[in-house]
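Below you'll find the structure, written out as C-alpha coordinates, and then a few comments.
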Amino acid sequence: MNFANELVQWYQENKRDLPWRHTTDPYVIWLSEIILQQTRVEQGMPYFNRFLAHYPTVTDFANATEDDILKLWQGLGYYSRGRNMLKTAQLVQAQFNGKFPSAYEDLIKLKGIGDYTASAISSFAANEAHAVLDGNVFRVLARYFGINEPINSTKGIKQFKLLANDVLNRNQPSIHNQAMMEFGAMLCKPKNPACGTCPVRIGCEAFKTNATTYLPVKLKTVKVKERFFNYFLTFKNGEVLMNKRTGSDIWNGLYDLPLIESDDLLTISEILELEKTKIYFGSKVTVKEVYGLQKHVLTHQRLIIRFIWLENEPHFMEADWFYTNVENLKKLALPKIIFLFLTNFFKFENNSLFSI
DNA sequence: GTCCCGTCCT
DNA sequence: AGGACGGGAC
(Lines give C-alpha, C1' and ligand atoms only; values in the text may rest on other atoms or scores of the structure.)
Protein backbone atom coordinates (compact mmCIF):
# COMPACT_ATOMS: atom_id res chain seq x y z
CA MET A 1 0.00 0.00 0.00
CA ASN A 2 1.34 3.45 -0.82
CA PHE A 3 1.99 6.34 1.51
CA ALA A 4 -1.32 8.15 0.91
CA ASN A 5 -3.44 5.02 1.24
CA GLU A 6 -1.74 4.14 4.51
CA LEU A 7 -2.64 7.57 5.87
CA VAL A 8 -6.25 7.24 4.73
CA GLN A 9 -6.50 3.92 6.54
CA TRP A 10 -4.92 5.43 9.63
CA TYR A 11 -7.39 8.32 9.37
CA GLN A 12 -10.44 6.10 9.20
CA GLU A 13 -9.34 4.29 12.34
CA ASN A 14 -8.14 7.30 14.33
CA LYS A 15 -9.99 10.43 13.22
CA ARG A 16 -11.57 12.83 15.67
CA ASP A 17 -15.30 13.28 15.50
CA LEU A 18 -15.52 16.97 14.51
CA PRO A 19 -18.84 18.66 13.75
CA TRP A 20 -17.86 19.99 10.31
CA ARG A 21 -16.94 16.47 9.20
CA HIS A 22 -20.61 15.51 9.13
CA THR A 23 -21.56 17.84 6.31
CA THR A 24 -20.89 18.57 2.67
CA ASP A 25 -22.60 21.97 2.86
CA PRO A 26 -19.98 24.37 1.46
CA TYR A 27 -21.26 27.19 3.70
CA VAL A 28 -20.71 25.17 6.87
CA ILE A 29 -17.33 23.97 5.65
CA TRP A 30 -16.37 27.55 4.78
CA LEU A 31 -17.34 28.64 8.29
CA SER A 32 -15.15 25.96 9.86
CA GLU A 33 -12.19 26.50 7.52
CA ILE A 34 -11.96 30.25 7.99
CA ILE A 35 -12.24 29.88 11.77
CA LEU A 36 -9.54 27.21 11.76
CA GLN A 37 -7.03 29.27 9.77
CA GLN A 38 -3.97 29.61 12.02
CA THR A 39 -6.13 28.38 14.87
CA ARG A 40 -6.20 25.15 16.82
CA VAL A 41 -9.28 22.98 16.60
CA GLU A 42 -9.94 23.20 20.35
CA GLN A 43 -9.77 26.99 20.25
CA GLY A 44 -11.97 27.32 17.17
CA MET A 45 -14.64 24.79 18.11
CA PRO A 46 -16.79 27.02 20.37
CA TYR A 47 -16.64 29.81 17.81
CA PHE A 48 -17.78 27.46 15.04
CA ASN A 49 -20.75 26.38 17.13
CA ARG A 50 -21.68 29.96 17.97
CA PHE A 51 -21.47 31.18 14.39
CA LEU A 52 -23.53 28.29 13.07
CA ALA A 53 -26.16 28.85 15.75
CA HIS A 54 -26.34 32.59 14.99
CA TYR A 55 -26.13 32.22 11.22
CA PRO A 56 -27.47 28.85 10.01
CA THR A 57 -27.26 29.96 6.38
CA VAL A 58 -25.07 32.29 4.36
CA THR A 59 -28.11 34.54 3.95
CA ASP A 60 -28.31 34.96 7.70
CA PHE A 61 -24.61 35.74 7.74
CA ALA A 62 -24.93 38.28 4.94
CA ASN A 63 -27.58 40.16 6.91
CA ALA A 64 -25.33 40.67 9.94
CA THR A 65 -23.37 43.84 10.64
CA GLU A 66 -19.61 44.04 10.97
CA ASP A 67 -20.05 44.84 14.67
CA ASP A 68 -22.13 41.65 15.08
CA ILE A 69 -19.50 39.52 13.39
CA LEU A 70 -16.56 41.03 15.25
CA LYS A 71 -18.33 40.63 18.58
CA LEU A 72 -18.86 36.92 17.89
CA TRP A 73 -15.25 36.76 16.71
CA GLN A 74 -13.94 38.46 19.86
CA GLY A 75 -10.93 36.64 21.32
CA LEU A 76 -10.19 34.54 18.25
CA GLY A 77 -7.70 36.94 16.68
CA TYR A 78 -6.87 37.77 13.05
CA TYR A 79 -10.02 39.85 12.86
CA SER A 80 -9.68 40.45 9.12
CA ARG A 81 -11.03 36.91 8.78
CA GLY A 82 -14.34 38.03 10.24
CA ARG A 83 -14.46 41.23 8.18
CA ASN A 84 -13.68 39.30 4.99
CA MET A 85 -16.31 36.68 5.79
CA LEU A 86 -19.01 39.33 5.88
CA LYS A 87 -17.93 40.68 2.48
CA THR A 88 -17.90 37.17 1.05
CA ALA A 89 -21.29 36.28 2.52
CA GLN A 90 -22.78 39.46 1.04
CA LEU A 91 -21.24 38.71 -2.35
CA VAL A 92 -22.48 35.11 -2.29
CA GLN A 93 -25.94 36.38 -1.40
CA ALA A 94 -25.93 38.90 -4.23
CA GLN A 95 -24.09 37.08 -7.00
CA PHE A 96 -24.68 33.40 -6.21
CA ASN A 97 -28.24 33.88 -5.05
CA GLY A 98 -27.36 32.73 -1.54
CA LYS A 99 -26.02 29.39 -2.74
CA PHE A 100 -22.46 29.03 -1.48
CA PRO A 101 -20.14 27.90 -4.31
CA SER A 102 -18.17 24.68 -4.04
CA ALA A 103 -16.01 24.94 -7.18
CA TYR A 104 -12.37 25.92 -6.66
CA GLU A 105 -12.47 28.47 -9.48
CA ASP A 106 -15.41 30.28 -7.86
CA LEU A 107 -14.08 30.02 -4.32
CA ILE A 108 -10.58 31.34 -5.01
CA LYS A 109 -12.02 34.69 -6.09
CA LEU A 110 -13.73 35.29 -2.76
CA LYS A 111 -12.34 37.50 0.01
CA GLY A 112 -10.51 35.58 2.69
CA ILE A 113 -10.31 32.41 0.61
CA GLY A 114 -6.84 31.49 -0.61
CA ASP A 115 -5.43 28.34 -2.11
CA TYR A 116 -5.73 26.29 1.06
CA THR A 117 -9.35 27.16 1.79
CA ALA A 118 -10.49 26.87 -1.83
CA SER A 119 -8.87 23.44 -2.00
CA ALA A 120 -10.41 22.39 1.30
CA ILE A 121 -13.96 23.49 0.50
CA SER A 122 -13.96 22.20 -3.08
CA SER A 123 -12.60 18.82 -2.04
CA PHE A 124 -14.72 18.39 1.09
CA ALA A 125 -17.96 19.68 -0.44
CA ALA A 126 -17.63 18.56 -4.06
CA ASN A 127 -14.79 16.03 -4.07
CA GLU A 128 -12.75 18.17 -6.45
CA ALA A 129 -9.16 16.99 -6.81
CA HIS A 130 -7.25 19.85 -5.18
CA ALA A 131 -4.63 18.90 -2.60
CA VAL A 132 -4.68 21.03 0.54
CA LEU A 133 -1.41 22.46 1.76
CA ASP A 134 -1.51 23.67 5.35
CA GLY A 135 1.04 23.59 8.14
CA ASN A 136 0.33 19.92 8.78
CA VAL A 137 0.68 18.82 5.18
CA PHE A 138 3.94 20.75 4.78
CA ARG A 139 5.33 18.95 7.81
CA VAL A 140 4.17 15.46 6.81
CA LEU A 141 5.53 15.81 3.27
CA ALA A 142 8.82 17.40 4.35
CA ARG A 143 9.48 14.58 6.80
CA TYR A 144 8.26 11.61 4.79
CA PHE A 145 10.05 12.66 1.60
CA GLY A 146 12.99 14.27 3.41
CA ILE A 147 12.67 17.69 1.76
CA ASN A 148 15.00 20.46 2.96
CA GLU A 149 13.51 23.26 0.91
CA PRO A 150 12.06 25.91 3.25
CA ILE A 151 8.28 25.63 3.41
CA ASN A 152 7.88 29.42 3.40
CA SER A 153 10.06 30.16 0.38
CA THR A 154 8.52 30.69 -3.02
CA LYS A 155 10.49 27.77 -4.41
CA GLY A 156 9.53 25.55 -1.51
CA ILE A 157 5.82 26.32 -1.76
CA LYS A 158 5.91 25.45 -5.47
CA GLN A 159 7.71 22.19 -4.81
CA PHE A 160 5.39 21.14 -1.99
CA LYS A 161 2.34 22.10 -4.02
CA LEU A 162 3.46 19.83 -6.85
CA LEU A 163 4.25 17.02 -4.47
CA ALA A 164 0.96 17.35 -2.59
CA ASN A 165 -1.01 17.08 -5.82
CA ASP A 166 1.22 14.26 -6.96
CA VAL A 167 0.46 12.07 -3.94
CA LEU A 168 -3.20 13.09 -3.91
CA ASN A 169 -5.55 10.14 -4.19
CA ARG A 170 -7.81 11.38 -6.97
CA ASN A 171 -10.48 8.80 -6.25
CA GLN A 172 -11.18 10.26 -2.83
CA PRO A 173 -9.66 13.74 -2.52
CA SER A 174 -11.91 14.67 0.39
CA ILE A 175 -10.81 11.84 2.67
CA HIS A 176 -7.25 12.08 1.43
CA ASN A 177 -6.99 15.77 2.35
CA GLN A 178 -8.53 15.29 5.76
CA ALA A 179 -6.28 12.30 6.40
CA MET A 180 -3.11 14.27 5.59
CA MET A 181 -4.07 17.08 7.96
CA GLU A 182 -5.35 14.87 10.76
CA PHE A 183 -2.23 12.75 10.58
CA GLY A 184 -0.06 15.87 10.87
CA ALA A 185 -2.11 17.25 13.74
CA MET A 186 -2.43 14.07 15.78
CA LEU A 187 0.59 11.90 15.05
CA CYS A 188 3.25 13.70 12.97
CA LYS A 189 3.25 16.61 15.41
CA PRO A 190 5.78 19.48 15.34
CA LYS A 191 7.39 18.34 18.57
CA ASN A 192 7.71 14.75 19.76
CA PRO A 193 5.97 13.09 16.82
CA ALA A 194 4.64 9.63 17.61
CA CYS A 195 7.02 7.79 15.29
CA GLY A 196 6.71 4.68 17.45
CA THR A 197 3.13 4.11 16.33
CA CYS A 198 3.45 5.68 12.89
CA PRO A 199 2.13 3.42 10.10
CA VAL A 200 4.48 4.89 7.49
CA ARG A 201 7.70 5.21 9.46
CA ILE A 202 9.39 2.46 7.40
CA GLY A 203 9.24 4.68 4.33
CA CYS A 204 9.80 7.98 6.15
CA GLU A 205 13.08 9.72 5.28
CA ALA A 206 13.08 11.80 8.45
CA PHE A 207 12.56 8.70 10.59
CA LYS A 208 15.25 6.76 8.78
CA THR A 209 17.80 9.57 9.16
CA ASN A 210 16.61 10.70 12.59
CA ALA A 211 15.76 14.16 11.22
CA THR A 212 12.21 14.79 12.40
CA THR A 213 13.49 17.54 14.68
CA TYR A 214 14.98 19.44 11.74
CA LEU A 215 12.11 19.08 9.28
CA PRO A 216 10.32 20.98 7.98
CA VAL A 217 12.80 23.83 7.37
CA LYS A 218 11.45 27.33 7.79
CA LEU A 219 13.09 30.66 6.91
CA LYS A 220 13.53 33.48 9.42
CA THR A 221 11.73 34.10 12.60
CA VAL A 222 9.42 37.05 12.92
CA LYS A 223 10.91 39.99 14.73
CA VAL A 224 8.79 41.21 17.55
CA LYS A 225 8.19 44.93 17.87
CA GLU A 226 7.73 46.45 21.29
CA ARG A 227 5.02 49.09 21.68
CA PHE A 228 3.90 51.12 24.66
CA PHE A 229 0.16 51.74 24.94
CA ASN A 230 -0.98 54.38 27.40
CA TYR A 231 -4.75 54.06 27.71
CA PHE A 232 -6.97 56.62 29.38
CA LEU A 233 -10.09 55.79 31.30
CA THR A 234 -12.49 58.70 31.69
CA PHE A 235 -16.17 59.07 32.46
CA LYS A 236 -18.97 61.49 31.86
CA ASN A 237 -22.35 61.04 33.52
CA GLY A 238 -21.41 57.47 34.36
CA GLU A 239 -20.52 56.66 30.75
CA VAL A 240 -17.06 55.56 29.73
CA LEU A 241 -15.12 57.10 26.85
CA MET A 242 -14.33 54.54 24.14
CA ASN A 243 -12.57 54.52 20.79
CA LYS A 244 -13.31 52.60 17.59
CA ARG A 245 -10.12 51.39 15.94
CA THR A 246 -9.77 52.08 12.24
CA GLY A 247 -6.99 51.91 9.68
CA SER A 248 -4.40 49.24 9.11
CA ASP A 249 -3.11 48.73 12.63
CA ILE A 250 -3.93 45.79 14.87
CA TRP A 251 -7.51 45.21 16.03
CA ASN A 252 -9.04 47.08 13.12
CA GLY A 253 -12.79 47.43 13.66
CA LEU A 254 -12.63 46.61 17.34
CA TYR A 255 -13.10 49.00 20.24
CA ASP A 256 -10.61 50.17 22.83
CA LEU A 257 -10.02 53.24 24.98
CA PRO A 258 -8.48 56.63 24.12
CA LEU A 259 -4.84 55.85 23.51
CA ILE A 260 -1.52 57.63 23.40
CA GLU A 261 1.25 55.42 22.16
CA SER A 262 4.84 56.17 23.17
CA ASP A 263 8.17 54.96 21.82
CA ASP A 264 9.49 54.17 25.28
CA LEU A 265 8.23 53.29 28.67
CA LEU A 266 7.27 56.60 30.27
CA THR A 267 6.49 57.52 33.84
CA ILE A 268 2.98 58.74 34.59
CA SER A 269 4.18 62.33 34.89
CA GLU A 270 5.99 62.08 31.58
CA ILE A 271 2.80 60.85 29.95
CA LEU A 272 0.85 63.73 31.44
CA GLU A 273 3.43 66.17 30.08
CA LEU A 274 3.06 64.92 26.50
CA GLU A 275 1.72 67.48 24.05
CA LYS A 276 -0.95 65.04 22.98
CA THR A 277 -2.14 64.52 26.54
CA LYS A 278 -2.52 68.28 26.95
CA ILE A 279 -4.47 68.58 23.74
CA TYR A 280 -6.82 65.82 24.82
CA PHE A 281 -7.20 66.55 28.51
CA GLY A 282 -5.61 69.94 29.21
CA SER A 283 -2.55 70.77 31.27
CA LYS A 284 -4.17 70.23 34.66
CA VAL A 285 -4.87 66.56 34.88
CA THR A 286 -6.00 64.60 37.90
CA VAL A 287 -5.09 60.94 38.05
CA LYS A 288 -7.47 58.85 40.09
CA GLU A 289 -5.83 55.47 39.61
CA VAL A 290 -3.27 53.66 37.49
CA TYR A 291 -3.50 50.02 36.39
CA GLY A 292 -0.57 48.19 34.84
CA LEU A 293 1.92 47.65 33.49
CA GLN A 294 0.51 44.68 31.68
CA LYS A 295 2.23 42.75 28.94
CA HIS A 296 0.26 41.47 26.00
CA VAL A 297 2.05 39.32 23.46
CA LEU A 298 0.97 39.06 19.85
CA THR A 299 2.76 37.24 17.06
CA HIS A 300 4.59 40.35 15.82
CA GLN A 301 4.29 42.73 18.71
CA ARG A 302 4.80 42.89 22.41
CA LEU A 303 2.50 45.43 23.96
CA ILE A 304 3.30 47.11 27.24
CA ILE A 305 0.00 48.47 28.43
CA ARG A 306 -1.03 50.85 31.16
CA PHE A 307 -4.47 52.18 32.03
CA ILE A 308 -4.69 55.66 33.53
CA TRP A 309 -7.97 56.65 35.16
CA LEU A 310 -8.44 60.42 34.87
CA GLU A 311 -10.95 62.66 36.59
CA ASN A 312 -10.82 65.03 33.64
CA GLU A 313 -13.09 65.16 30.67
CA PRO A 314 -11.42 65.67 27.29
CA HIS A 315 -10.98 69.15 25.80
CA PHE A 316 -10.76 67.58 22.40
CA MET A 317 -12.50 64.46 21.06
CA GLU A 318 -11.09 62.37 18.23
CA ALA A 319 -13.66 61.46 15.57
CA ASP A 320 -13.68 57.81 16.67
CA TRP A 321 -14.29 58.55 20.35
CA PHE A 322 -17.69 58.19 21.96
CA TYR A 323 -19.27 57.72 25.35
CA THR A 324 -21.14 54.57 26.18
CA ASN A 325 -22.83 53.00 29.17
CA VAL A 326 -21.72 49.69 30.59
CA GLU A 327 -24.63 47.73 29.14
CA ASN A 328 -23.77 48.83 25.63
CA LEU A 329 -20.09 48.29 26.32
CA LYS A 330 -20.76 44.58 26.70
CA LYS A 331 -21.99 44.45 23.12
CA LEU A 332 -18.80 45.90 21.64
CA ALA A 333 -16.06 43.73 20.18
CA LEU A 334 -13.00 44.29 22.36
CA PRO A 335 -9.40 43.12 22.04
CA LYS A 336 -8.65 40.44 24.61
CA ILE A 337 -6.55 42.66 26.85
CA ILE A 338 -9.16 45.45 26.82
CA PHE A 339 -11.94 42.97 27.46
CA LEU A 340 -10.07 41.56 30.45
CA PHE A 341 -9.39 44.99 31.88
CA LEU A 342 -12.92 46.33 31.47
CA THR A 343 -14.51 43.10 32.64
CA ASN A 344 -12.46 43.29 35.78
CA PHE A 345 -12.96 47.01 36.22
CA PHE A 346 -16.73 46.91 35.93
CA LYS A 347 -17.06 43.44 37.46
CA PHE A 348 -19.15 42.16 34.57
CA GLU A 349 -20.82 38.86 34.97
CA ASN A 350 -20.03 38.78 31.32
CA ASN A 351 -21.04 35.62 29.61
CA SER A 352 -22.14 37.37 26.46
CA LEU A 353 -18.93 36.06 24.92
CA PHE A 354 -20.18 32.52 24.99
CA SER A 355 -23.93 32.91 25.06
CA ILE A 356 -25.75 31.72 21.99
C1' DG B 1 10.70 30.29 21.79
C1' DT B 2 7.28 27.48 17.96
C1' DC B 3 3.08 26.34 15.91
C1' DC B 4 -1.85 26.31 14.79
C1' DC B 5 -6.50 22.82 8.94
C1' DG B 6 -3.42 31.06 5.80
C1' DT B 7 -4.55 35.41 3.50
C1' DC B 8 -3.93 40.07 2.29
C1' DC B 9 -1.35 44.17 1.31
C1' DT B 10 2.47 46.61 -0.50
C1' DA C 1 8.95 38.67 -1.91
C1' DG C 2 8.38 40.38 2.54
C1' DG C 3 5.66 41.84 6.19
C1' DA C 4 1.41 42.19 8.91
C1' DC C 5 -2.19 40.16 11.26
C1' DG C 6 -4.27 37.57 17.66
C1' DG C 7 -4.39 34.55 20.86
C1' DG C 8 -3.52 30.28 23.13
C1' DA C 9 -0.94 26.04 24.12
C1' DC C 10 3.22 23.67 24.76
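Excluded from the calculations below are hydrogen atoms, water molecules and symmetry mates; all remaining heavy atoms, backbone and side chain alike, are included. In what follows, chains carry the letters A, B, and so on, assigned in the order in which the sequence lines appear, proteins first and then strands, with residues in each chain numbered from 1. Model, not experiment: these values are computed from the prediction.
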Name the nucleic acid region contacted by A:G114, choosing base, sugar-phosphate or nothing; use a 4.0 angstrom heavy-atom cut-off, strictly under. sugar-phosphate
Evaluate the ring planes of A:F3 and A:F145, with Trp represented by its six-membered ring, and classify them as parallel (under 30°), tilted (30 to 60°) or perpendicular (over 60°). perpendicular
Classify A:N152 by what it touches in the nucleic acid, base, sugar-phosphate, or nothing, heavy-atom distance under 4.0 Å. nothing
Whether the A:R21 and A:S32 side chains hold a donor-acceptor pair (N or O, under 3.5 Å, no angle test) is what I'd like checked. no
Applying a 4.0 Å non-hydrogen cut-off, can you work out what A:Q301 is touching in the nucleic acid: base, sugar-phosphate, or nothing? sugar-phosphate
So which heavy atom on A:H22 is nearest to which on A:D17, and how close? NE2-OD1, 2.6 Å
What does A:T299 touch in the nucleic acid at a heavy-atom separation under 4.0 angstrom: a base, only the sugar-phosphate, or nothing? base
Taking the P atom in each of B:dC5 and C:dC10, what is the distance between them to the nearest angstrom? 13 Å
Are A:D256 and A:N243 close enough that a side-chain donor and a side-chain acceptor fall under 3.5 Å? yes
Position toward the 5' end of DNA chain B (nearest nucleotide), A:Q178 or A:V224: A:V224
Rounded C1' spacing from B:dC3 to C:dG6 in Å: 14 Å
Closest-nucleotide ordering on DNA chain C, the 5'-leading residue of A:Q37 and A:K191: A:Q37
Looking at every strand, decide which applies to A:S32 at a 4.0 Å heavy-atom threshold: base, sugar-phosphate, or nothing. nothing
With a cut-off of under 6.0 Å to the ring centre and 45° to the axis, is A:R50 in cation-pi contact with A:Y47? yes
What I want to find out is whether A:E205 reaches A:K208 closely enough, with some N-O distance under 4.0 Å, to be called a salt bridge. yes
Going 5' to 3' along DNA chain B, which are the first and last nucleotides with any atom under 4.0 Å from a heavy atom of chain A? B:dG1 to B:dC9
Outermost nucleotides of DNA chain C that come under 4.0 Å of a non-hydrogen atom of chain A: C:dA1 to C:dG8
What does A:L18 touch in the nucleic acid at a heavy-atom separation under 4.0 angstrom: a base, only the sugar-phosphate, or nothing? base
Do A:F235 and A:L241 come within less than 4.5 Å of each other through their side chains, counting heavy atoms only? no
Hey, does A:K189 reach any base, or is it just sugar-phosphate, or nothing, if we go heavy atoms under 4.0 Å? nothing
Name the nucleic acid region contacted by A:R83, choosing base, sugar-phosphate or nothing; use a 4.0 angstrom heavy-atom cut-off, strictly under. nothing
Sugar-phosphate, base or nothing in reach of A:N177, heavy atoms under 4.0 Å: nothing
Side chains of A:N344 and A:Y291: any donor to acceptor distance under 3.5 Å? no
Name the nucleic acid region contacted by A:S153, choosing base, sugar-phosphate or nothing; use a 4.0 angstrom heavy-atom cut-off, strictly under. nothing
If two hydrophobic side chains count as joined below 4.5 Å and joins carry through other members, does A:L310 share a cluster with A:L257? no
Base, sugar-phosphate or nothing for A:N84? Non-hydrogen atoms, less than 4.0 Å. sugar-phosphate
Identify whether any heavy atom of A:I113 sits under 4.0 Å from a base atom; if not, whether one sits that close to sugar-phosphate; answer base, sugar-phosphate or nothing. sugar-phosphate
Please state the C1' separation for the pair C:dC5 and B:dC4 - nearest whole angstrom. 14 Å
Where do A:L303 and A:K225 land on the side-chain contact (heavy atoms from CB on, under 4.5 Å) test, with the steps shown first? CA-CA 8 Å; A:L303 309 179; A:K225 187 170 60 170; over 6 Å; no
Dot-bracket notation for DNA chain B, counting Watson-Crick and G-U pairs under 3.5 Å, with | for partners on another strand: ||||.|||||
Just checking, any donor-acceptor pair under 3.5 angstrom between side chains of A:K87 and A:Q90? no
Is the number of heavy atoms from other residues, nucleotides or ligands under 6.0 Å of A:Y214 OH greater than 12? no
